[in-house]
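Let me begin by presenting the structure, written as structure tokens, before commenting on it.
Below, chains carry the letters A, B, ... as their sequence lines are ordered, and counting in each starts from 1.
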Number of protein chains: 2
Amino acid sequence: MTGLSAERPSEVVLAARVARQFYLEGISKVGIADRLGISRFRVARLLDSARETGMVRIEIGLRGGSLDAGLSAELCSAFGLRHAFVFNFPDDDEPALRRRLGEGAGQALMDIITPSDVLGMSWSRTLSGLAAALTQMPPCPIVQLTGAVPPPDGRDLLDLVRGVARIGGGPAHVFYAPMILADAQTAAAVRRQADIAGAFALVPSVTMAVVAIGSWAPGLSTIYDGITPAERDALAGLGVCAELAGVFIGEDGRPVATPLDSRMIVTPGPALDRIPFVLSVAYGVSKSPAVFAAIRGDMVHGLVTHASLARALLSLADGRGGRR
Amino acid sequence: MTGLSAERPSEVVLAARVARQFYLEGISKVGIADRLGISRFRVARLLDSARETGMVRIEIGLRGGSLDAGLSAELCSAFGLRHAFVFNFPDDDEPALRRRLGEGAGQALMDIITPSDVLGMSWSRTLSGLAAALTQMPPCPIVQLTGAVPPPDGRDLLDLVRGVARIGGGPAHVFYAPMILADAQTAAAVRRQADIAGAFALVPSVTMAVVAIGSWAPGLSTIYDGITPAERDALAGLGVCAELAGVFIGEDGRPVATPLDSRMIVTPGPALDRIPFVLSVAYGVSKSPAVFAAIRGDMVHGLVTHASLARALLSLADGRGGRR
DNA sequence: GAGCTGTCCGCTCATTTGAGCGCATAGATC
DNA sequence: GATCTATGCGCTCAAATGAGCGGACAGCTC
């Protein structure tokens, strides 16, 4: 299309008049055509030109509050996520970022959960603050998805599960077991415990899970930081790239079986994969490959994060062929 | 309408997704509804909310070049003008502003004139540079509308009329007479001259005129500056507020008969009023009341000006009840 | 529980809109 | 001058859209 040239100032002005009336005053093209004495087709073509030449600028922007709706929407489109929540939190203060993201995840959870859901919970430092932000919840059953990891501040996974359940008034299915045991036999024995078996029996009915995404690198994963260097390297050698709810995944985002699995009390990868909606939480630009993998492998369907990680993900997707 | 609350982050993000797809990607509401699995009505309501809450910002902006299409369009709407051309020229250098506005008027004239038009011309310092900017014109007849005023640089109305006619190749109807004569008898005698009577006989067939708007104040009108203080005051006492092509108008924009009229060689006010399209040129914020009057009285149907006068006019219209 | 109120949702129908077509005019090429 | 191409314009028909309606449901009051 030829568009508006500087040679025809009256055409340019006419386009601006049409655009004002159409976009700003909300008049229909037929109405504009009648007022200006031109055909509705000309109105439509002028509007096209005005948009093409950049005379009309349309921006989908942030709104009050910390939620960046535009970035969130971009994430959804770029990765096919069902939900994304990108918050404008500064990166510099990590504990504060964790706390606020935990609250954000709580907001998101309250918003998207329905009374018919069965909620699975896992733990991370970010998620431990989630319950505090909840103000209303339907009385869904809450299922503990993994064994516990000793938290620095004493607020462990059982507290989280119970805290969430308390708000809604639904049943909490918790059990006492560590996430990693010394050997496979012990782990197998632990799994036979009634409360653990009971909780795990509920996993297939879980419709929504909340998980944190860890990256297989120092300081970016509770598990990585909690095992021996030899174990770390062994898993890295198997292609482990990230971890969520104790499930290891590779660069392609698919679960990777590891020697550690038999010693762990976690929802197995395939079972996690079958949960209809997994809401993930992650922060830090350095985790972008891990999050990218989890999304690519369809392990997670929702993401709560902050702006800089969101942008890092989008540039990864651009470079490596996201689904845009 | 309730709109999007911060309590429903997923709703906000959904609205942003819908807005992105609708405005940025150009997908139809039905298409968006299908993709997102919601009804097209919900899509429409989300878009309404997004616009209402300011999440979607639509701006009709300037484009390359000096023409401010947005302001031009606003002037058209606010005053019911058929054409407006607002240029982004700085106010500080008056001779440069005059020159550029003259060129702008030339651009505008080239753009809006048609081969079937008959063009009437009057003179002002701004208009004297108009012909230089013309690159193409239809061969319209050009009619001199008023007697001449001695210009500082020697480029008078006859030069202008002939210059414009030369570009298009149409006939130039000029005559030799000053704009103001010493007494009514002389003026009447002059009007009987064949060339003058001939030109004036063409006035009823003129379809488009180009005029400058002068304000009835020192330095803002060629005529004001060229008569005696007593005459100035007499006209001011009659309510003269502005002047265009030698026609005096009052605050209401209607022609005012004055004792000077009988001594002047100009197209009479009623005749000027009957010209279907009068393109006016004006600059300087101090002229805004004069321009406002001319527009209000329907004496002019188009305006070439610069941004600050345009803004002054708009604020006048706001304050005094424009036709917005 | 009955009744009330406000909100959200999707339907119908009339209007608006877009895609594609053919006509008319302007300018280029021979 | 004849022909050809490009461009702008408005038409038709099918699809998209908006206004307004009534039903479903949640929260309240009595």
Query raised in the report: Can you give one letter per nucleotide of nucleotides 19-29 of chain C, going 5' to 3': B for a protein heavy atom under 4.0 Å from the base, S for sugar-phosphate only, - for none?
Result: BB---------

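Shown here are the side-chain contact (heavy atoms from CB on, under 4.5 Å) partners of A:A33, two or more places apart in sequence or in another chain: A:R40, A:V43. Applying the side-chain contact (heavy atoms from CB on, under 4.5 Å) criterion to B:A165, with sequence neighbours excluded, gives B:I142, B:A172. Judged as a side-chain contact (heavy atoms from CB on, under 4.5 Å), and not counting sequence neighbours, the contacts of A:S205 are A:V118, A:L202. For A:S39, there are no side chain to side chain donor-acceptor pair (under 3.5 Å) partners two or more places apart in sequence or in a different chain.
Distance B:D34 CG to D:dA15 P: 14 Å, rounded to the nearest Å. In this structure, A:R8 atom CZ and D:dC9 atom C1' are separated by 14 Å, rounded to whole Å. Atom CZ in B:F22 sits roughly 12 Å away from atom C1' in D:dG18 (whole-Å rounding). Whole-Å rounding puts the A:R35 CZ to C:dT16 P distance at 13 Å. Between the CG atom of B:L46 and the C1' atom of D:dT17 there is a distance of 16 Å, given to the nearest Å. Counting to the nearest Å, the C1' atom of C:dT16 and the CD atom of A:Q21 are 16 Å from each other. Across the protein-nucleic acid pair, A:I27 atom CD1 and C:dT17 atom C1' stand 16 Å apart, rounded to whole Å.
At the phosphate of C:dT17, OP1 or OP2 sits under 4.0 Å from a side-chain N or O atom of A:S28. For the pair B:S39 and C:dC9, the criterion of a side-chain N or O lying under 4.0 Å from OP1 or OP2 is not met. OP1 or OP2 of D:dA15 has not a single side-chain nitrogen or oxygen of B:K29 nearer than 4.0 Å.
Salt bridge annotation for A:R42-A:E11: present, with a cationic side-chain nitrogen under 4.0 angstrom from a carboxylate oxygen.
In this model, a donor atom of one side chain and an acceptor atom of the other lie less than 3.5 Å apart for B:R51 and B:Y23.
Evaluation of the salt bridge (Lys or Arg N to Asp or Glu O under 4.0 Å) test over residues 159-174 of chain A, restricted to residues two or more places apart or in two chains, returns none.
The side chain of A:R42 has D:dC9 as its nearest neighbour among D:dA16, D:dC9, C:dT17.
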